[in-house]
Number of protein chains: 2
Amino acid sequence: MKLPATAPKPLRRDARRNYEALVTAGKAVFAGSGVDAPFEDVAREAGVGQGTLYRHFPTRDHLLVAILQERVDFLDAKARELLDAPDAWEALSEWLRLFDQSATEYGGMSARLGNSLTVDGSPVATLCGPMKTSFANLFERAKHETPLRPDITPIPLLAMISGLPKEPQTGKTLEPCLEVVLSGLPSGPDGREGSTRT
Amino acid sequence: MKLPATAPKPLRRDARRNYEALVTAGKAVFAGSGVDAPFEDVAREAGVGQGTLYRHFPTRDHLLVAILQERVDFLDAKARELLDAPDAWEALSEWLRLFDQSATEYGGMSARLGNSLTVDGSPVATLCGPMKTSFANLFERAKHETPLRPDITPIPLLAMISGLPKEPQTGKTLEPCLEVVLSGLPSGPDGREGSTRT
DNA sequence: ACCTGAACACCGTTCAAGT
DNA sequence: ACCTGAACACCGTTCAAGT
């Protein structure tokens with residue numbers, strides 16, 4: 001079930017070499033200049049023509065899928081694994097922390113991932129489909145054990161975490177913000193359940 | 001202290017007319033197509049040449065300042081006013097709700113505003129300076145009355161709210177997400193203060 | 001002084017010619 | 001089949017010529 005991160009279709013030897021060079025170059029360029037770096041830079045870094053880049057990855061999103069593949073697969077597996085963890089709430093927050101850390105290697109990736117989670121149809125959205133389902137299960141189990149705010153649902157929660165502010169230097173999420181979200185999830189057993197409207 | 005939303009410098013009659021047409025056009029275009037709409041559209045909508053647009057607003061950020069001016073002034077005044085409100089926590093959450101609603105008329109404005117809050121030097125950052133100070137006061141007062149998580153600070157909190165996910169249709173923030181943040185702010189008096197690390 | 005719109009530059013995307 | 005790189009298109013920015 002866990003495929004290596006290579007091209008999906010059988011490819012001529014040189015084409016496969018280019019495909020892999022492009023994914024590697026994409027990781028390098030996006031890590032260095034963020035996910036909005038000039039697409040041409042990726043081709044140059046990989047040492048191929050622009051046409052070759054577009055042949056393999058018709059849109060930026062397609063390249064991002066190849067780059068995120070492994071990590072998303074990992075998160076999906078982890079979510080299913082944590083369904084058996086003794087403490088459902090702990091399992092949920094552990095997974096959310098992993099999720100948060102997953103997109104922070106590339107500047108701007110997190111925000112982009114957040115969008116893809118809420119909109120359907122894009123290649124990244126398709127990639128994340130199984131992971132979203134697995135996470136929803138983990139979320140529901142936690143909700144059953146620890147009462148969570150009734151109005152919050154799994155996907156907006158992930159989008160919310162994706163949009164948390166980052167340290168300019170490291171690109172990592174500001175820890176306290178993530179903590180605020182986590183501690184805001186349970187419906188307050190002490191009566192403080194998020195001030196009323198008006 | 002409250003100036004009308006006109007050009008900062010004395011201007012020739014036609015120049016002033018153009019300035020105001022550009023701000024109006026900017027609001028219309030950004031409301032319709034989001035704050036990343038082609039800059040040229042703004043000039044066309046205002047019925048002026050591109051050079052005129054760039055003369056008045058050397059960067060997109062400068063135009064956004066003119067557009068946000070009134071609203072930011074309002075938020076600043078409101079923050080100072082709420083310092084006298086009887087319930088400091090209520091005052092804080094009321095202001096945060098207003099803040100959240102302020103950038104949702106223009107697609108993408110909220111995210112952009114969030115960035116400007118954390119980075120210094122940009123025109124929008126300068127615009128927001130006084131408001132940030134006024135809000136910090138409101139925040140500190142609330143913290144004194146209701147113990148808040150000790151690690152969360154005013155500016156990241158604003159950045160966090162700016163980055164909350166939006167309904168694709170209306171552009172408004174998903175209510176439940178804002179509620180999660182608000183209810184996550186107080187440091188849990190019941191011992192649940194956001195799970196520990198590791 | 002200020003305005004206009006053509007010119008320039010940059011980058012995303014396509015495609016004719018090559019292997 | 002796949003690759004290359006020049007060509008095209010789009011849009012942000014500048015600037016020479018006009019009022």
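Chain letters run A, B, ... following the sequence lines, proteins first, then strands; residues in each count from 1. It should be emphasised that the depicted structure is a prediction, and the values quoted were computed from it without experimental measurement.
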Applying side-chain hydrogen bond (donor to acceptor under 3.5 Å, both in side chains), name anything that partners A:Arg13, two or more places apart in sequence or on another chain.
-> none

Which stems does DNA chain C form, counting runs of 3 or more consecutive Watson-Crick or G-U wobble pairs with both distances under 3.5 Å?
-> C:4-8 with D:12-16, C:12-16 with D:4-8

Could you tell me the separation between the CD atom of B:Glu20 and the C1' atom of C:dC3, rounded to a whole number of Å?
-> 17 Å

Write down the distance between CZ (B:Arg16) and P (C:dC3), rounded to a whole number of angstrom.
-> 12 Å

Residues passing the side chain to side chain contact (heavy atoms under 4.5 Å, CB included) test with B:Thr24, sequence neighbours excluded, are none

To the nearest angstrom, how far is B:Arg55 atom CZ from C:dG5 atom P?
-> 15 Å

Separation of B:Arg44 atom CZ from C:dT4 atom C1', in whole Å?
-> 15 Å

Taking the six-membered ring where the residue is Trp, are the ring centres of B:Phe39 and B:Phe57 under 6.0 Å apart?
-> no

Using a cut-off of strictly less than 4.0 Å, decide whether A:His56 has a side-chain nitrogen or oxygen near OP1 or OP2 of D:dC3.
-> yes

Qualifying residues under side-chain hydrogen bond (donor to acceptor under 3.5 Å, both in side chains), relative to B:Asp87, sequence neighbours excluded = none

Who pairs with A:Lys78 by side chain to side chain contact (heavy atoms under 4.5 Å, CB included), at least two apart in sequence or on another chain?
-> A:Phe74, A:Glu81, A:Leu82, A:Glu94, A:Trp95, A:Leu98

Check the side chains of B:Arg149 and B:Ser187 for a donor-acceptor pair under 3.5 angstrom, ignoring hydrogens and angles.
-> no

Heteroatom pairs (N/O) under 3.5 angstrom, protein to nucleotides 8-10 of chain C:
none

Check side chain to side chain contact (heavy atoms under 4.5 Å, CB included) between B:Glu40 and all other residues, then give those that pass, not counting sequence neighbours.
-> B:Arg44, B:Gln50

Which letters describe nucleotides 12-19 of chain D, given B = protein heavy atom under 4.0 Å from base, S = only from sugar-phosphate, - = neither?
-> SBBB----

For B:Arg141, all residues meeting side-chain hydrogen bond (donor to acceptor under 3.5 Å, both in side chains), sequence neighbours excluded | none

Nearest-angstrom distance from the residue atom CG of B:Leu53 to C1' of C:dG5 | 13 Å

Would you mind listing every salt bridge (Lys or Arg N to Asp or Glu O under 4.0 Å) that reaches into residues 160-174 of chain A, with sequence neighbours excluded?
-> none

Sequence neighbours excluded, which residues qualify as side chain to side chain contact (heavy atoms under 4.5 Å, CB included) partners of A:Glu105?
-> none

Does a side-chain N or O from A:Asn18 land closer than 4.0 Å to OP1 or OP2 of D:dC2, or not?
-> no

Result block: side-chain N/O donor-acceptor pairs under 3.5 angstrom for residues 107-117 of chain B, not counting sequence neighbours:
from, atom 1, to, atom 2, distance (Å)
B:Ser110, OG, B:Ser162, O, 2.8
B:Arg112, NH2, B:Asp36, OD1, 3.1
B:Ser116, OG, B:Arg112, O, 3.2

